[in-house]
Structures are given as C-alpha cells and as structure tokens.
Amino acid sequence: MYAHLNKLSLCALAGLAAAWAPAQAATGTARASIEHFQYQLVDLDLTDGVTPSIIFTDERWLSETYGADQQQKLTAPGTTSIVTAIGTSATTLSHNTISSTASVHFPVPAGSADQDYWNRNVHSASFTLSPNTQLIFTGAGTLSQQLVQDFEWTSSHIEIQGTLGGDSGLINTFDKSYLSNRGSANINLYGMLMSDAQARQGQFSVETSVVLSGPFTPIPSVPEPSTCAMLLAGTFLMGAAARRRHRAAARQAA
C-alpha cells in the first residue's frame, strides 16, 4: 500500500466519519399557549331595554407542573417553573394568557431515561348572561413541537369550550380542541354562545397542556446524500493523485 494514499485516504475517511457522528448537544421543546384571550358582548335586541352583561361566578384556576420527580401546583393566577440539569417545565396562568412549556436537553445523562416533563393549565368559570346577548370568546392559540430526539410520548394541546343552559337543556355549546405531536401551528380561536329572551346560566373553560416523556432515544445523525457524495469523491480524487505521484517518483528513480 502507498504511504501517500494511506494518509490522504485516512483524512478523507475521517471527514466522512465526522459527518456521521452524533449531533452536538441540543434541546427538544414543546409549547402550547392561548394568548390575548378575551370575550365580547353583543346586544341582539336593541329595543328590550337590557344592557348586555355577564356576571362571573365560581371562577377556578388550576396549574399542575411536573419534572424530574418534582411537582408544583397553583390554584390562582401565577407562574410555575421547574428547572433541572436535564430539562424544564413551566406555566403561565392569567386572565388573558395561559401557556405550557417543557424542554429536555440532550444528550441525557445515563440513568435519566425515564424522567418526564409535563404541565397542564385550566381556567374555568360559571356565569350568568343577560337576555338577548351574544357572548363571543376569542384568542390566539399556538402549538409547537421542536423534537431533536425521539420521545416515548409527546403532546401539545389547547382547548376552549363553553355551554349555555336553557329550561329544557343546552341552548348553545362549543368545544374547540387542537392537538399536535410534531411541528408548529398558529390557530385563531373562536367560540360563541347566545341567550334567548331570558338570562341564562353558562360556563366556559380554556386549557393548555404539554408532555415530553421518556425514554429518550437518540435519533441517528444522517448526512445529506450530497455530503456523502462529495466526501467519497474527494477520497477517490486524493487516492488517484497519490498514485500519480508514486508513479512519477518511480519513473524518476528508474
């Protein structure tokens, strides 16, 4: 074998091996949020002398955050955050913003494969709606999953739902639920309830949740086909050049 060919080929093969090497440290993330959440009242009968109104009762808040065997819980507006060397889990819970986020850093240390990061937020309330009134809920929803590794279970979820009751059952109801376990999406949220000639009782809730659950399996780093082709071509070209130099040196020695 030729010394020049060996050295140059080894250099090229080292570059090829580097292309196949695992990716550098990265972070997988999941997010679900409802922002700019608000409601609007519309008067459906301008002649009835009733000013549109809504009276909220029994308003409830719940936030559960979990990560690396740690847990935090809220029953009022606020924020939570669990931060470890492996990942994070955090929430925001308020009247107009409700969000859930989780992340896991890779490579995960040995012995940490079964740890989970997740959280869930819910804001709900009962209310009384004035007669002949349309109640419109709106918000900006976001679902996002940036997964640099494989997980056993992943989820980003948002939901908005409401009901309005009458004398013989439900007058109106809506339930808008969105779920993603890959990629990102922006969603314009909308829900509507409408009372008749009487004041009616109703309820609404908004919810966000995310899950990143182990075991965490590395995804092999596969180079692009063009990268492989260039590296292999370079290997052959350098080998050919080494052979030509060897033959030229042999002719001069003769």
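Small disclaimer: the values here were computed from a predicted structure and weren't measured. The figures that follow rest on heavy atoms only: side chains count, while hydrogens, waters and symmetry mates do not.
The backbone N or O of Ser81 sits less than 3.5 Å from a side-chain atom of Gln72, completing a donor-acceptor pair. Without hydrogens or angle criteria, Asp58 side chain to Ala125 main chain gives no donor-acceptor distance under 3.5 Å. Using modelled atom types, one side-chain atom of Ser195 and one backbone atom of Ser130 make a donor-acceptor pair closer than 3.5 Å. A donor-acceptor pair under 3.5 Å is absent between the side-chain atoms of Ser89 and the main chain of Thr65, judged by distance alone. Although no hydrogens or angles enter the test, the distance criterion places a donor-acceptor pair under 3.5 Å between the side chain of Thr173 and the main chain of Gly162.
Proximity of Phe37 to Leu189: side-chain heavy atoms (C-beta onward) are nowhere separated by under 4.5 Å.
Asp116 and Ser213 are linked by a side-chain donor-acceptor pair at a separation below 3.5 angstrom, with hydrogens and angles left out of the test. Between the side chains of Ser100 and Asn119, at least one donor N or O lies within less than 3.5 Å of an accepting N or O. A donor and an acceptor atom, one from each side chain of Gln145 and Ser156, are located under 3.5 Å apart. Counting only N and O atoms by type, the side chains of His157 and Ser177 include a donor and acceptor under 3.5 Å apart.
Ring to ring, Tyr39 and Tyr190 are not that close: their centroids are 6.0 angstrom or more apart. Close placement of the Phe137 and Phe204 rings is indicated, their centers lying within 6.0 Å of each other.
Contacts classified as salt bridge (Lys or Arg N to Asp or Glu O under 4.0 Å) and involving residues 190-207 (residues at least two apart or in different chains) are given here: Arg120-Glu207, Asp167-Arg200, Asp196-Arg200.
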Throw together a table of side-chain donor-acceptor distances under 3.5 angstrom for residues 44-56, partners on residues two or more places apart or in other chains.
unit_1, atom_1, unit_2, atom_2, d
Asp45, OD1, Thr47, N, 2.9
Asp45, OD1, Thr47, OG1, 2.6
Asp48, OD1, Val50, N, 3.0
Asp48, OD2, Asn132, ND2, 3.1

